[in-house]
Amino acid sequence: MPAWVIDKYGSNDVMRFNSNMVFPVINYPNEVIIKVHATSLNPIDVNMRNGYGSASLNMTRDPLNVKSSGSEFPLVLGRDVSGVVMECGLNVRYFKPGDQVWGAIPPWKQGALAEFVVTSGNEISMKPKSLSHTEAASLPYVTLTAWAALANSCGLNKEKCPGKRVLIIGASGGVGTAAIQLLKAWGAHVTAVCSEDAFTLIKSLGADDIVDYKAAQLSEQLKSQELFDVILDNVGGETEKLAFQFLKPWSGATYATLVTPFLYNNDRLGIADGMMRTGVTLSSKVVKHLCKGVHYRWVFFSPSGPYLDEIGELVKDGKIRPVIDEIFSFSDVPNAFSKVEKGHARGKTVIKVTESNK
């Protein structure tokens, strides 16, 4: 089958089109094979191409370490998928061949930059009928990451959100645009931080207040705002240092960041030392900020078909819509990677794998 693969980690020139990639097979009874109609790129795809997280991901792929080094190659990237079920394992009950589905594939599995992909039936959901495959492919990874941050890490839901004030730093990217829509669907007050050229987009998604981080020092601009119940940080670095002064102390307020050293530590120090370093870092930050009356959380993507079911209902109700920056053809995948690598996205970069994309 045709697929875009890498045979080693590196810059964009390691991307290679393989017209004879091995066809995926069902290894477990809960798996399905999907004919991919569309996929989309996320920053994690660029990072994985560069080798980021390879130590942790290889341990997940081969926990007993019985395979030789480099056994993950040729590696197919691409976490989002929208397509049609072609074959089901014996234990798959909720899907059948011909079903149109969408999902997000865990990073330790082969990705969706291929004609076919295999994944667990627990990681996919029925595609919303109102969306084309191109539109649907833009949503799973970012909406599930936003869900993990807001629901799992911050404890928010449609019952608890009304009246909550939430600040989103880095609001114009994929996760940011998904988080805005999810929060507004749940009734929260959302303040978004982005650059001025994204104001129209962010306002159209329902953000109540918008802060241009280029106009002046972010900390000075936020001083005029009321304190927040939740801060979702998609940027990290300096923003983590300044964010905590804008949380309501001793009220259950939470700072959640997508920027963590977990995979980097494992790559640099090895699994054992890396996890020890990560544990020390996380526990020290949690205790430090708990003593100041706020919660500190790291956010990790979690694949989930059931969560996608709920997100699909929000799409059906018109409360979440795709935000697509640009669409590339399957022959133009390296240029799509270059675009994502430049950053400053205004939504998602989508790749049409098949021309029939209803």
Side-chain angles (χ1 to χ4, degrees), residues 1-24 33-54 57 70 72-84 86 101-119 123-124 127 131-142 144-145 173-175 301 303 322-358:
M1 67 171 183
W4 282 93
V5 303
I6 61 172
D7 300 303
K8 60 180 180 179
Y9 299 116
S11 58
N12 219 24
D13 56 6
V14 302
M15 299 292 302
R16 174 175 68 87
F17 181 74
N18 183 355
S19 60
N20 293 304
M21 183 66 178
V22 176
F23 193 89
I33 294 177
I34 300 170
K35 180 175 175 58
V36 181
H37 282 239
T39 183
S40 69
L41 297 184
N42 299 280
I44 190 176
D45 294 303
V46 174
N47 292 335
M48 287 178 62
R49 185 206 65 195
N50 294 336
Y52 172 74
S54 59
L57 297 176
E72 70 268 31
F73 301 118
L75 182 63
V76 181
L77 302 173
R79 310 275 50 94
D80 289 300
V81 61
S82 183
V84 177
M86 302 300 293
V101 297
W102 65 341
I105 302 167
W108 54 87
K109 294 184 179 180
Q110 291 284 43
L113 282 171
E115 185 179 13
F116 298 93
V117 67
V118 63
T119 192
E123 297 161 355
I124 61 173
K127 178 182 74 68
L131 300 182
S132 68
H133 285 295
T134 302
E135 293 170 324
S138 69
L139 285 172
Y141 187 87
V142 293
L144 286 171
T145 303
V175 175
F301 158 76
V323 180
I324 297 175
D325 194 0
E326 191 170 349
I327 299 172
F328 288 81
S329 67
F330 193 52
S331 61
D332 209 18
V333 166
N335 285 332
F337 268 83
S338 295
K339 175 178 173 46
V340 174
E341 196 164 13
K342 291 176 183 176
H344 301 288
R346 299 293 176 262
K348 291 299 295 292
T349 298
V350 179
I351 296 166
K352 291 178 68 173
V353 178
T354 63
E355 291 305 315
S356 176
N357 222 343
K358 297 180 180 179

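- Taking both residues in full, the closest heavy atoms of Glu135 and Ile324 are given as CA-CD1, 4.0 Å, listed atom of the first, atom of the second, then distance.
- Closest approach of Gly78 and Asp45 over heavy atoms only: N-OD1, 3.0 Å.
- When atom types are taken as modelled, the side chain of Gln110 and the backbone of Pro74 share a donor-acceptor pair closer than 3.5 angstrom.
- Here the CG atom belonging to Leu57 is positioned 5.5 Å from the CE atom belonging to Met48, to the nearest 0.5 angstrom.
- Defined by atom type and a distance below 3.5 Å, a donor-acceptor pair is present between the side-chain atoms of Asn12 and Ser338.
- Summarising the geometry of Val84 relative to His133, their closest heavy-atom pair is CG2-NE2, 4.3 Å, with the distance given to 0.1 Å.
- Rounding to the nearest 0.5 angstrom, the gap separating the CG atom in Asn42 from the OG atom in Ser138 is 10.0 Å.
- Put simply, the side chain of Lys339 reaches to within 4.5 Å of the side chain of Asp325, judged on heavy atoms.
- By the 4.5 Å heavy-atom criterion applied to side chains, Pro107 and Ile44 are counted as neighbours.
- Residues Trp102 and Val81 are not in side-chain contact: their nearest non-hydrogen atoms beyond the backbone lie 4.5 Å or more apart.
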- Report the C-alpha distance between Met21 and Glu115 in whole Å, list the side-chain angles of each, state the deciding distance to 0.1 Å, and finish with yes or no for side chain to side chain contact (heavy atoms under 4.5 Å, CB included). CA-CA 9 Å; Met21 183 66 178; Glu115 185 179 13; over 6 Å; no
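- Residue Leu131 comes nearest to Ala136 through the heavy atom pair CD1-CA, 4.0 Å, listed as atom of the first residue, atom of the second, then distance.
- In summary, of the residues considered (Leu77, Val353, Val36), a side-chain contact (heavy atoms from CB on, under 4.5 Å) with Leu113 occurs for Leu77 alone.
- The closest side-chain heavy-atom distance from Tyr9 to Leu75 is below 4.5 Å.
- Looking only at distances, a side-chain donor or acceptor of Asp80 sits under 3.5 Å from a matching main-chain atom of Tyr141.
- Distance check, rounded to the nearest 0.5 Å: OG1 of Thr119 to CD1 of Ile34 gives 6.0 Å.
- Rounding to the nearest 0.5 Å places NZ of Lys352 at 13.5 Å from CZ of Phe330.
- Inter-residue side-chain proximity for Ser82 and Lys127 is flagged as met; some heavy-atom pair is nearer than 4.5 Å.
- Defined by atom type and a distance below 3.5 Å, a donor-acceptor pair is present between the side-chain atoms of Asn335 and Asp332.
- The line from NE2 of His37 to OG1 of Thr354 is 4.5 Å long, rounded to the nearest 0.5 Å.
- In this structure, Phe23 and Phe116 have tilted ring planes: the angle between them lies in the 30° to 60° band.
- Between Leu41 and Val46, the closest side-chain pair of non-hydrogen atoms is not below 4.5 Å.
- Here the side chain of Asn50 pairs no donor or acceptor atom with the backbone of Tyr52 at under 3.5 angstrom.
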- Task: Could you please spell out the steps behind the ring pair (Phe, Tyr, Trp, His ring centres under 6.0 Å) verdict for Phe337 and Phe328?
- Result: CA-CA 10 Å; Phe337 268 83; Phe328 288 81; over 10 Å; no
- What do the steps show when you test Arg16 against Asp7 for side chain to side chain contact (heavy atoms under 4.5 Å, CB included), and what is the final call? CA-CA 8 Å; Arg16 174 175 68 87; Asp7 300 303; 2.6 Å; yes
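- With hydrogens and angles disregarded, a donor-acceptor distance shorter than 3.5 Å links the side chain of Arg79 to the backbone of Pro106.
- Met1 places none of its side-chain heavy atoms less than 4.5 Å from the side chain of Asn20.
- A pairwise comparison of heavy atoms in Ala114 and Ala3 identifies CB-CB, 3.5 Å as the closest pair.
- With 3.5 Å as the limit, one finds a donor-acceptor pair spanning the side chains of Lys348 and Ser40.
- Two residues are said to be in side-chain contact when any heavy atoms from C-beta on lie closer than 4.5 Å; Arg346 and Val323 fail this criterion.
- Considering all non-hydrogen atoms of both residues, Ala336 and Ile351 come closest at CB-CD1, 4.1 Å.
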